[in-house]
Amino acid sequence: MGRLEYDARRRTLLQLPLLGAAPALGLLAGCTLSTGARQDFHLLRDPAGSAAGSAGPHIDRVLLIASAALPGLYDSDRMVFSADGKSRSYFQFGYWSERPAQSLLVLTEARFAGAKRFREVALSTAGVRGDLLLSLRLDELYLDASSEPGQVRLIVTAELIDWPTRKLLARRSFVQAAAASPRDASGVAQAASQAVSVVLGALLDWTVASAAAPAA
């Protein structure tokens, strides 16, 4: 084999891996561009915010706040709806930006802190020594699409506890509904935020009144 023929064959062999890599790079590029299943994320808000506070007594005590959801359906970042008013299903693409129970916790702290009705307001995980604990449980948050107009239904159960003694001072369930239009994930987020805002206002008044009530 001559020198020129050897060099030509060597160049051909060296080029083979590069030629084979071109389709692979195209395939990887295709995977990078593929977004997969669509997911829409929505925020749970408090439209009224701290400006919705009402007059009342000042409680010279430190309030801690905790929140959880019933295990199962609502302990998730997926939006829930009911087509018949009885069964529950997840939205195909509708997701909360974070689990509603966590959002409820953050929004409650912000509303209570802004109202300045307690000496201090903090999350139960903040490492602050508290006098009272407000424990919230998200029982239901879903779109009832069984009739027109659709409605978001919200149920939150609250317990106010004397934290040093672990004594239950008061318990109440807050039930609120808000019309959802359109009846999609965006409409659910807006209606749920309205319902949460109303509940937070009632929750604040109830907590202050319960904390101010004479001990039994």
Side-chain angles (χ1 to χ4, degrees), residues 41-72 74-77 79 95-141 152-178 188-216:
F41 293 90
H42 300 271
L43 291 171
L44 190 61
R45 306 175 185 271
D46 176 14
S50 59
S54 58
H58 177 77
I59 310 298
D60 190 24
R61 306 178 79 180
V62 177
L63 177 70
L64 304 179
I65 305 175
S67 180
L70 284 177
Y74 299 106
D75 191 19
S76 168
D77 63 350
M79 290 182 166
Y95 290 79
W96 295 109
S97 59
E98 62 182 351
R99 296 188 179 192
Q102 179 63 27
S103 294
L104 178 64
L105 176 65
V106 174
L107 294 175
T108 302
E109 181 196 22
R111 173 72 76 98
F112 278 52
K116 302 184 184 303
R117 303 288 288 279
F118 291 87
R119 186 202 315 161
E120 185 178 353
V121 176
L123 300 183
S124 61
T125 57
V128 176
R129 184 173 181 178
D131 303 302
L132 299 167
L133 173 67
L134 177 62
S135 179
L136 305 176
R137 186 184 70 210
L138 178 65
D139 295 328
E140 287 191 346
L141 178 60
V152 167
R153 302 192 182 277
L154 169 68
I155 301 179
V156 176
T157 298
E159 292 183 343
L160 184 64
I161 300 168
D162 183 272
W163 193 232
T165 65
R166 304 301 196 267
K167 178 183 178 181
L168 178 64
L169 301 177
R171 178 191 288 118
R172 178 179 167 183
S173 288
F174 296 84
V175 181
Q176 187 64 35
V188 169
Q190 183 175 359
S193 296
Q194 293 171 355
V196 164
S197 192
V198 173
V199 165
L200 289 181
L203 177 64
L204 173 61
D205 292 342
W206 172 82
T207 304
V208 171
S210 298

Indicate yes or no for a side-chain donor-acceptor contact from [X] to the backbone of [Y] under 3.5 Å, with no hydrogens or angles considered.
{"X": "Arg99", "Y": "Asp75", "result": "yes"}
{"X": "Arg117", "Y": "His58", "result": "no"}
{"X": "Ser67", "Y": "Ala101", "result": "yes"}
{"X": "Arg45", "Y": "Ser197", "result": "no"}
{"X": "Asp60", "Y": "Arg119", "result": "no"}

- Item | Side chain to side chain, Phe112 and Leu203, heavy atoms closer than 4.5 Å | yes

- Just one of Leu64, Leu63, Leu134 clears the side chain to side chain contact (heavy atoms under 4.5 Å, CB included) bar with Trp163, so which one? Leu64

Is it the case that more than 12 heavy atoms not belonging to [X] sit under 6.0 Å from its [atom1] atom?
{"X": "Arg166", "atom1": "CZ", "result": "yes"}
{"X": "Arg61", "atom1": "CZ", "result": "yes"}
{"X": "Arg171", "atom1": "CZ", "result": "no"}

- Message: If the condition is salt bridge (charged side-chain N to carboxylate O under 4.0 Å, His left out), which residues does Glu98 pass it with, not counting sequence neighbours?
- Response: none

- Starting at CG of Leu104, measure out to CG of Leu154 and round the result to the nearest 0.5 Å. 7.5 Å

